[in-house]
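Reading through the structure tokens given below for one structure.
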Amino acid sequence: MPRELQRGQTQVLYRYLPEAIFDHDDFGLCRVTTIELDPLEEDSLNDIALFDAIGDAVGQWTDTFRTRFPDVRDPAKRMGRFRIGQPRAVGFTPYPENVQCRKCGYVTAYADVERKGSRRAQCPRHGCSGTMKQLRYVEAHNCGRVQELNLPRNERCPSCGGTEAKLYDPGRTALARWVCVKCDGQIRSLRMTPCKCEYSEDAKKQNRPNHERYMRVYPTGEPGLYNPLVVTFINFRKSDEQRLRDTPDAESLLLARAWGVLDGKVLDLAREREQWVGGNAAKDEMNRQIVEALRKADPGNALVKQYDDKVNNPPGQDAINQVTTHLGMALGGAPSRRLIEHVALRDNMRLTTPQLVAERLTDRGEAVRGSEFLDGAQKAMQSLGLCTVEAVEDFPIAQAAFGYTRVTKDPRRSSVNPFMADEDGRLPLYTLPTETEALWFQLDPVKVASWLVRNQIVAGPAPTDPTAAWAWLWRTALRDPNVAPGELTPAAEAVQTLLHSISHIMLQRMEWSGYASSSIGEYLLPETLSFALYANRFTESKIGGLLTLFEQRLPLWLHEAGQQGRDCIYDPICAHDGSSCAGCLYREHNCVHFNKYLSRALLYGGPLPQHAGFGKGRITHGYWTSWTESGDR
């Protein structure tokens, strides 16, 4: 009979999702069957951002490997297909139900123990008084299927003819086999069950390794046996997103804001701009007729002149013209989700800058300390190639679990599976929205462009003007980063690896904030050379550790991150093999790319990882060393 347990919401999201196997103190190994959902408060979640984030994540899998997941990018197809809520009670049942005698090793199904009338957990073999325990192995396949071991029922031992088997387990599943309880003679090896699924059919067509067509035996504690799929997204207001998407020339306006060409808030500008560009046709025609009548009656009318100025040069048009001039083309596409998120954050959040911290210190009568703080922060930022470092008090983040994979997280070698539908046929999305504290970083576009050219990743020359550098990067690396699902262009991969590596180095030195690095999440926005580090706390209380780190130790923290980021306890081996391993950049939890796109070589120079899709195998000018060498600043 299914049972229930209570767990923290973040625990549910990563350890107790449906189909996950866990170890219960009272019931042993169990499998999660259901999770109750509590409805979210009205307007607490931006479902457009949620489905965009899921769409981006699922898009990493090919069509063949995502056939079980509905098309979330099509509003008509997702309408009524999902149920969104916060996880509460977890339902589970003991699993697997194959049991093994602690004394003689005999293996059977628990149902057989009950049928033979044995007391609970006692070996049913005649003359044996041993107790039974769960057999900690299952069979699993890349498609998501899992089942109990195929037991050798009534298969006779070649040596003595016995039909009672036990599992010989030397610690490696490849060497495990079924042997006779009586004589220890080998009965057979563990059987690999063929799986007739889309994944197996594709493996056959693509002539991939034969073992990928079969279910394989895994310990229940194998980390890759169950891989929860959780997306993180910035949870700003849905109405703001719709306005940012729908405003005329949206992509150009958002780029102008992200590049620093536009100082005002896009949200405010969009409301004003809608009155003059692409408004209601009937209303616009009526206004035009009224203005023309006024023009005839009074050619010098001030209202007519104001109207003409707004029509010919609507709000924000100068910024749009700067963007299109630098790009050398007009933009008309839909803005990317990351670009919208960047601008929504800049427009809505309470941001603390180094300048503001220095002003506060001066106001408290500590002018010298304020000046030293600002000077130190600016020097550290310049040496690390950062044009922006800010603290965010109310970072609106949300996480949502939407499915899982088996055996591996790699989209090229697994199928993405949604959670089982509820009684209404709707697929659950387990979602946790919150506001937390964060630190916001943005790289210097001029330095990134120079770094790409100096390492011959992109042909030069590199621009030295910030707006020109943004436009150059947008054309070469940021606008169309993908060449195929899960694959980046060389320039886009270089930028993503650079950004991700800096994020991890900052995370490794997070102890001064009072948080363990595992308690800090990262959020990358490669389109704007930005990333955020946020306290991964889904509670109402805020510790304030990141804000304290920013206000009291920012210059020293940045300086030490740059100095100590080059070190690895496994050097020189790690440095010769791509400069990325568990001793330096890898994270055990909360890595958005599962420790992919990482290398200290991009920052300090050296050999690249073998799988890197850019460069010539080596970075000659590190991002954190080439700036002072180049003499550009």
Side-chain angles (χ1 to χ4, degrees), residues 258-260 342 353-355 374-390 439-458 460-474 476-478 491-509 522-533 550 554-567 579-580 584-585 597-606 608 614-615 619-633:
W259 297 356
H342 178 103
T353 65
Q355 291 83 356
L374 183 58
D375 184 60
Q378 290 176 338
K379 286 182 178 178
M381 290 166 59
Q382 182 177 349
S383 67
L384 299 182
L386 301 169
C387 64
T388 301
V389 180
E390 296 171 330
L439 299 179
W440 174 276
F441 301 80
Q442 187 173 41
L443 304 191
D444 186 325
V446 174
K447 183 174 180 182
V448 173
S450 173
W451 175 80
L452 287 170
V453 170
R454 298 190 74 197
N455 287 288
Q456 300 181 4
I457 299 171
V458 179
T464 56
D465 172 72
T467 306
W470 275 119
W472 186 86
L473 287 167
W474 187 253
T476 57
L478 305 180
E493 183 176 334
V495 171
Q496 182 122 291
T497 306
L498 175 66
L499 198 69
H500 196 201
S501 299
I502 294 175
S503 172
H504 276 220
I505 285 180
M506 295 299 176
L507 280 164
Q508 301 293 1
R509 274 99 196 142
E522 61 178 341
Y523 198 85
L524 305 182
L525 295 99
E527 290 91 336
T528 58
L529 303 180
S530 305
F531 67 92
L533 305 179
F550 182 88
L554 178 63
L556 183 58
W557 176 52
L558 293 178
H559 176 77
E560 291 205 353
Q563 293 297 317
Q564 298 176 11
R566 68 173 68 244
D567 300 331
S579 297
S580 179
C584 51
L585 293 185
Y597 304 126
L598 290 171
S599 176
R600 290 177 293 133
L602 275 72
L603 303 173
Y604 305 103
L608 288 168
F614 59 90
I619 291 294
T620 55
H621 301 280
Y623 187 75
W624 282 355
T625 56
S626 62
W627 201 231
T628 54
E629 295 170 0
S630 68
D632 290 335
R633 290 195 176 182

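All of these numbers come straight from a predicted model, not from anything done at the bench. FYI, the numbering just counts along the sequence from 1.
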Residue list, side chain to side chain contact (heavy atoms under 4.5 Å, CB included) with [X], at least two apart or on another chain:
X    : answer
V453 : A462, W472
Q563 : H559
A477 : A491, V495

Taking only residues two or more places apart in sequence or in another chain, which ones pass salt bridge (charged side-chain N to carboxylate O under 4.0 Å, His left out) with D375?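 Once residues adjacent in sequence are excluded, the partners of D375 under the salt bridge (charged side-chain N to carboxylate O under 4.0 Å, His left out) criterion are K379.
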pair [X]-[Y]: side-chain heavy atoms closer than 4.5 Å:
X    : Y    : result
P354 : F550 : yes
F441 : L384 : no
R454 : T620 : no

Any side-chain to backbone donor/acceptor pair from Q508 onto G565? Under 3.5 Å, distance only.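 No.
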I'd like to know if the side chain of N455 reaches the main chain of I619, judged simply by a donor and an acceptor atom lying under 3.5 Å from each other, with no hydrogens or angles considered.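 Flag not set: sc N455 to bb I619 has no pair under 3.5 Å.
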Heavy-atom pair with the smallest gap, counting every atom of [X] and [Y]:
X    : Y    : answer
A258 : T528 : CB-CG2, 3.9 Å
A377 : L558 : O-CD1, 4.4 Å
P555 : A380 : O-CB, 4.1 Å
L478 : E527 : CD1-O, 3.4 Å
K447 : G385 : CD-CA, 3.6 Å
P466 : P445 : O-CG, 4.2 Å

Donor-acceptor pairs are to be reported for all side-chain atoms of residues 497-506 against protein atoms at under 3.5 Å, with residues two or more places apart or in another chain.
from : atom 1 : to   : atom 2 : distance (Å)
T497 : OG1    : E493 : O      : 2.7
H500 : ND1    : K596 : O      : 2.9
H500 : ND1    : Y597 : O      : 3.1
H500 : NE2    : H504 : NE2    : 3.0
H500 : NE2    : E522 : OE2    : 3.2
S501 : OG     : T497 : O      : 2.7
S501 : OG     : S599 : N      : 2.9
S501 : OG     : S599 : O      : 3.3
S503 : OG     : E522 : OE1    : 2.6
H504 : ND1    : L585 : O      : 2.6
H504 : NE2    : E522 : OE2    : 3.0

Matching residue for V446 among D444, L443, V448 - test: side-chain contact (heavy atoms from CB on, under 4.5 Å):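 So, applying the side-chain contact (heavy atoms from CB on, under 4.5 Å) to V446 and each of D444, L443, V448, only D444 qualifies.
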By ring-ring contact (aromatic ring centres under 6.0 Å, His included) - contacts of W440 (at least two apart):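 Here the qualifying residues are H342.
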Residues that Y604 engages under ring-ring contact (aromatic ring centres under 6.0 Å, His included), provided they are two or more places apart: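 Result, ring-ring contact (aromatic ring centres under 6.0 Å, His included) vs Y604: W624.
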For E560, what residues pass the side-chain hydrogen bond (donor to acceptor under 3.5 Å, both in side chains) criterion, not counting sequence neighbours?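 Counting only residues at least two positions away or on another chain, E560 forms a side-chain hydrogen bond (donor to acceptor under 3.5 Å, both in side chains) with Q564.
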Which residues pass the side-chain hydrogen bond (donor to acceptor under 3.5 Å, both in side chains) test with Y523, sequence neighbours left out?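 side-chain hydrogen bond (donor to acceptor under 3.5 Å, both in side chains) list for Y523, sorted by chain: R337, R338, E341.
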Go through the steps to decide whether M381 and Q442 satisfy the test side chain to side chain contact (heavy atoms under 4.5 Å, CB included), and finish with yes or no. CA-CA 10 Å; M381 290 166 59; Q442 187 173 41; over 6 Å; no
Using the ring of each side chain (for Trp, its six-membered ring), is W259 parallel, tilted or perpendicular to W470, with breaks at 30° and 60°?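 Parallel, since the angle between the ring planes stays under 30°.
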